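Okay, so here's the structure we're looking at.
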2 protein chains.
Amino acid sequence: MAREAGTGKTSVSRYLNGEMQVLSEDLRQRIEAAIQRLNYRPNQMARGLKRGRNRLLGMLVADLTNPYTIEVLQGVEAACHALGYMPLICHAANEIEMERRFVQLLTTYRVEGLIVNALGAEEAVLRPLRGGGIPAVLVDRTVEGFDADLVGLDNGDAVSLGVQHLLDQGFDAIQFIVQPFQQVSSRRERERAFREAMAARGRPAEPAVVLDPNDAASTERALAEIAARIDAVHRRGGKRLALFVANAPVALIVARHLRTQFGAAWQDRAALLSIDDPEWAELIGITTIRQPTYDIGYKAVEFVHERIEGVTGDARVVLLPGTLVERASTVHVIEAAS
Amino acid sequence: MAREAGTGKTSVSRYLNGEMQVLSEDLRQRIEAAIQRLNYRPNQMARGLKRGRNRLLGMLVADLTNPYTIEVLQGVEAACHALGYMPLICHAANEIEMERRFVQLLTTYRVEGLIVNALGAEEAVLRPLRGGGIPAVLVDRTVEGFDADLVGLDNGDAVSLGVQHLLDQGFDAIQFIVQPFQQVSSRRERERAFREAMAARGRPAEPAVVLDPNDAASTERALAEIAARIDAVHRRGGKRLALFVANAPVALIVARHLRTQFGAAWQDRAALLSIDDPEWAELIGITTIRQPTYDIGYKAVEFVHERIEGVTGDARVVLLPGTLVERASTVHVIEAAS
DNA sequence: CTGTTAGCGCATTCAA
DNA sequence: TTGAATGCGCTAACAG
């Protein structure tokens, strides 16, 4: 390339970096022409190697099949585009081993920063980042012992919003349903927030039903429990039981099961409300609390970017508010199907 | 690092590449220790720069919000893992400009191969790959003028499966619904396959309803058309109209609209069948034709891998069969909700 | 078995 | 304004 333009590589480099003020018009044109002729593309890897920054930003997600993740991703992509980063998306597929492997990999590829929607509480998995001096920002979940910026949903506020809505609708029995929550901070917070929201309104909260989608036995047990609760409330002759589900994947499992159990009219038996607003919620009229997913992703990138640029200081926490999306599922009188 | 272990960098390199037979036990241990002490991670970029291969594999997708894409991705990831590649996922978000930008970017990053779920027919967008000598494999869609391996669904077979099923169920009116199909090969094929499948069975096919989700006016027009057709069939007093939708995103739009129009019991008015098997299909009992998405992704990686390894020859085409998943939507007598 | 030498493609001194 | 020299971190000859 250097000699194709009849010049030294220095000038080519200058051209690539847009230092036009330092190039004679003639030379500039010769280089331009040569680039066209050779279809020349500078090698980003080499550039990165030389100047120590490659504009790569890692995005490590736990579960791509969760619509939440995809939505966050969109915010991340938009921000990366705006700030000039190339997002490197890695999918751990809910496997801690994958997560570990990707952290290693991203470290060796020297990404400049990393956004982590971590699987769980394994601080050890993220430790290589520290060693490599790679700034990280957590999304949705904290990791014990790992001090980093966090951006996510204001879980307390969101749950309170849902509880208030259900009470306003006149439901007197509310059952909270959540995945095993000890290891995942956002689930833990939602479970706690539910108890507190109920208590604050003078209602005792039944213990949460815990449903682990990765464990058939646990799932079955949880679904049976839910069925029993629905039955009990039904026999008591009160309103339908309201099911407050902590996130969309679980809500889907519950809804699927209720449908098998009670048929197409299952919503006459139980009212469903879920955090997350997946595409099917609108389709069957489920009230949800929508997370500001796009903003979460965008903000996360802004945070890593600041850290990359050298901002120091204590870990920051940004909790964005959710929005209640009212649909038919929580209206307490269901109109008969015409 | 070299001197931390008290040796030359060559030996370190050898260690990293697992050439243990050529290293004395003593040296091996010294290097191992040094690695621990320094928390040393080899720089992949530098390695890649040197040997001309960086184990990076690009995956350019048109639309991550489409469940199809996610599922294909899982196959891609699995295959990458198996073959030692690091998948670099790029999301064009249905924007041709993004697609162009990513192709450029991936080219400058010198990915070794690329799997493309292209937006449309723009061969020009993919041209840089040729210049860079980067092998590409197309997924689901061909790109006119771009000669490359292709792996996707056997559209003809899949559509025929669906048509046969609907006829078996006794439906006498079938309406095909599809996105603008001129630019996208898979849609084109499905539309054609529908006409052919009908003709082969001695039924004339009504022209397909074309619905463009990105165009509000078009969407409205299409939905009105569908409503009119449903009405006409209804008045004629025959069976419900069967709607054969070419993919899940469109099916969702149609289902949502029918629900608003006819209420929760909308399935009494129209039978829905769709290619793709999204999570909500099970939830509301929609018959679908499931694509072998995982296998598609896996096979695509195997193909690029072979090309990377130097396999030459004509472009190959692999069309995998879909599977009919029968659900309540196409049973011609709907049981009354209990 | 081990170290020395030479570059991968580029950006950054420093001189000219 | 330009170019030559130097080195980013690593691997691949080539010698010892």
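Numbered from 1 within each chain, the chains take letters A, B, ... in sequence-line order. All values below come from the heavy atoms of this structure, side chains included, with hydrogens, waters and symmetry mates left out. These numbers come from a predicted model, not from an experiment.
- Dashed line: the shortest gap from a side-chain N or O of A/Ser11 to OP1 or OP2 of D/dG3 is under 4.0 Å.
- Remark: P of D/dC10 and OH of A/Tyr109 are 14 Å apart, rounded to the nearest angstrom.
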Using side-chain contact (heavy atoms from CB on, under 4.5 Å), reason through B/Leu126 and B/Val143 one step at a time and then give a plain yes or no.
CA-CA 9 Å; B/Leu126 299 180; B/Val143 172; 4.0 Å; yes

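- The ring of B/Tyr85 has its center closer than 6.0 angstrom to the ring center of B/His305.
- Distances shown here put a side-chain N or O of A/Ser24 below 4.0 Å from the OP1 or OP2 atom of D/dT2.
- Taking atom CE on B/Met45 and atom C1' on D/dT11, their separation rounds to 17 Å, with Å as the unit.
- No side-chain heavy atom of A/Leu320 sits under 4.5 Å from any side-chain heavy atom of A/Leu153.
- As a whole-Å value, the separation of B/Arg55 CZ from D/dT11 C1' is 15 Å.
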Output one letter per nucleotide in nucleotides 9-16 of chain C: B when a protein non-hydrogen atom lies under 4.0 Å from the base, S when only the sugar-phosphate is that close, - when neither is.
BBBB-B--

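- A distance of 16.0 Å separates CZ of B/Arg307 from CD of B/Glu112, quoted to the nearest 0.5 Å.
- The cationic atom of A/Arg316 (NZ for Lys, CZ for Arg) lies less than 6.0 Å from the six-membered ring centre of A/Phe303 and within 45° of the ring axis.
- Atom CG of A/Asn54 is separated from atom C1' of D/dC10 by 16 Å (rounded to the nearest Å).
- Nucleotide D/dT1 holds its P atom 17 Å from the OH atom of A/Tyr15, rounded to whole Å.
- Rounded to an integer number of Å, the gap from A/Arg30 CZ to D/dT2 C1' is 10 Å.
- A salt bridge does not link A/Arg188 to A/Glu144: none of the charged side-chain nitrogens sits closer than 4.0 Å to a carboxylate oxygen.
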